[in-house]
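Here's the structure we're looking at; comments come further down.
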Amino acid sequence: MNMSFGSIPVIDLGQAFDNETKPKFLENLRHALITVGFLRLTNFGNYGPTTQDFQNITQQGIEFFELPEEEKKKVEMINSPHFLGYTKLGNEITSGKIDWREQIDLATELPAPTKDGPLYKQLEGPNLWPDERVLPYFKLTMTSYIDKMSRLSSIFTKLVAESIGLSPNALDTYFKENQQCKMKIVAYPADTHYRNDVEAVQGVGPHKDSDFLTFVYQASDHKDTLQVQNFKGEWISVDNIPGSLVVNVGQTLEAITCGVCKATIHQVLRPRKGSGTRLSIPFFRTVDLESKESAVSNISHDVWKLKEERDKTIDRWGIDTGFQYRPDFSQHPAGYAVFRNRIKSHRDVAAKWYPELLAKVLTEIA
Ligand SMILES: O=C(O)CCC(=O)C(=O)O
Ligand SMILES: [Fe+2]
């Protein structure tokens with residue numbers, strides 16, 4: 001019988017830096033990337049954010065969502081051609097349905113790009129920061145978190161390369177000097193109905209991430225909210241384990257490795273009635289938008305065999321996910337699919353800044 005995964009592997013980063021434990025570490029990582037697409041990363045404090053950093057960012061997140069509507073409106077995403085800023089409840093669409101969450105999208109601070117060249121270059125640009133008089137520590141806390149997570153994710157990327165039999169630097173070409181990384185702080189208010197009301201439970205609908213790798217910090221301890229779909233179509237809950245980050249493969253890493261690393265479908269259910277707002281902080285490692293090649297020519301026979309074995313286990317997977325653009329290096333550079341997915345999710349922003357492309361996307365996804 002072909003089995004699919006029933007839980008999410010735990011990967012202890014400390015084991016990567018000891019010659020005794022490194023081979024086992026790489027084997028576990030390879031298994032997680034190929035046959036699950038998700039893992040829980042532990043013991044990373046020497047290379048990334050500390051417990052204090054997580055407390056600080058959680059506090060700033062709570063304070064941001066508590067701001068009066070008019071302060072949040074000042075940094076609404078509609079004001080940003082770069083898809084950065086605040087999205088109010090009910091203003092985002094995933095898998096064809098409305099998501100019930102509010103969030104602020106942030107990124108490595110970069111200057112606005114010039115208007116020439118492909119439209120996807122507009123994904124980079126300056127953040128919309130809340131007024132310093134109302135949230136004096138917000139910008140500092142977020143900038144420092146982005147710096148530390150950028151470092152952790154770049155160390156981790158080298159281990160990802162090694163785990164699938166490539167040299168540690170094999171993926172370096174996908175990241176440029178001052179590479180943009182993104183993050184969000186997301187609040188999911190608790191349900192007002194009971195769980196049998198199917199229409200009411202979508203926090204974010206079933207999807208694959210567009211980026212290279214995602215690192216999610218679950219800042220509150222809700223049960224059965226973040227869920228991963230295994231290859232038999234069953235939903236596996238990924239409840240928070242304090243001191244861990246949930247790491248998952250995005251479609252860009254999947255494309256770069258020709259499907260060896262798996263971008264696995266996940267969703268968030270609204271927290272149960274009475275359980276309070278769930279706060280979550282995903283960090284997205286993204287690649288140079290101009291990247292247009294896969295690294296697959298170097299992937300060994302053994303690793304390729306693991307991918308093929310996994311593919312045989314996939315049957316009832318993805319039946320409830322709507323259309324998503326997927327990077328296809330034979331057609332377009334990496335930025336193309338990422339930008340079109342942003343257009344699809346944030347239609348009011350797209351209507352203001354890219355009305356012609358929105359019209360095209362709406363016909364492409366129909
Ligand atoms: O809130 C979470 O835990 C994950 C959110 C997510 O999957 C996303 O925003 O892509
Ligand atoms: Fe996601």
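A quick note: this is a predicted structure, and the numbers were derived from the prediction, not measured. We count ligands from 1, going down the list as the structure has it; atoms in each ligand are counted the same way.
Taking the six-membered ring where tryptophan is involved, the planes of His332 and Tyr336 are essentially parallel, since the angle between them stays under 30° and well short of 60°. Classification of the Tyr217-Phe54 ring pair by plane angle, with boundaries at 30° and 60°, yields parallel.
Within the structure, the closest approach of Gln103 to ligand 1 does not fall below 4.0 Å when heavy atoms are considered. Put simply, part of His266 is less than 4.0 Å from ligand 1, judged by heavy atoms. By the 4.0 Å heavy-atom criterion, Val186 is excluded from the residues contacting ligand 1.
Glu290 and Tyr120 share a side-chain donor-acceptor pair at under 3.5 Å.
Closest to atom 3 (O) of ligand 1, if we only count protein heavy atoms, is Arg278 NH2, 2.8 Å. Looking only at protein heavy atoms, the nearest one to atom 5 (C) of ligand 1 is Tyr188 OH, 3.4 Å. The nearest heavy-atom contact from the protein to atom 4 (C) of ligand 1 is Val268 CG2, 3.8 Å. Residue, atom and distance of the protein heavy atom nearest to atom 2 (C) of ligand 1 are Ser280 OG, 3.2 Å. Scanning all protein heavy atoms for the shortest distance to atom 8 (C) of ligand 1 gives His207 NE2, 3.7 Å.
A donor-acceptor pair under 3.5 Å is absent between the side-chain atoms of Gln267 and the main chain of Trp235, judged by distance alone.
Of all atoms in ligand 1, listed by their number and element, those nearer than 4.0 Å to a heavy atom of Lys184 are 9 (O). Atoms of ligand 1 found under 4.0 Å from any heavy atom of Arg101 (numbered from 1 in listed order, with element): 5 (C), 8 (C), 9 (O). Of all the atoms in ligand 1, the ones that sit under 4.0 Å from a non-hydrogen atom of Val216 are 3 (O).
With a 4.0 Å heavy-atom cut-off, ligand 1 is reached by no atom of Gln227. At a 4.0 Å heavy-atom cut-off, ligand 1 does not touch Gln267 at all.
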- Task: Given salt bridge (charged side-chain N to carboxylate O under 4.0 Å, His left out), test Lys73 with Glu70 step by step and report yes or no.
- Result: CA-CA 5 Å; Lys73 260 186 106 78; Glu70 74 258 24; over 6 Å; no
- Task: Mind running salt bridge (charged side-chain N to carboxylate O under 4.0 Å, His left out) on Lys139 and Glu109 for me, showing each step along the way?
- Result: CA-CA 10 Å; Lys139 183 174 176 182; Glu109 185 74 22; 5.6 Å; no
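The atom name of the N/O/S atom in Asp209 closest to the Fe ion (ligand 2) is OD1.
Annotation: Gln218 places no N or O atom under 3.5 Å from an N or O atom of ligand 1; distance criterion only.
Outside the 6.0 Å centre-distance limit, the rings of Phe156 and Tyr47 are not counted as a close aromatic pair.
For the ring-ring contact (aromatic ring centres under 6.0 Å, His included) with Phe212, the qualifying choice from Phe284, Phe175, Tyr174 is Phe175, the only one to do so. Partner Glu92 forms a salt bridge (Lys or Arg N to Asp or Glu O under 4.0 Å) with one of Arg342, Arg101, Lys97 and no other, that one being Arg101.
Glu293 CD: 12 or fewer foreign heavy atoms inside a 6.0 Å radius.
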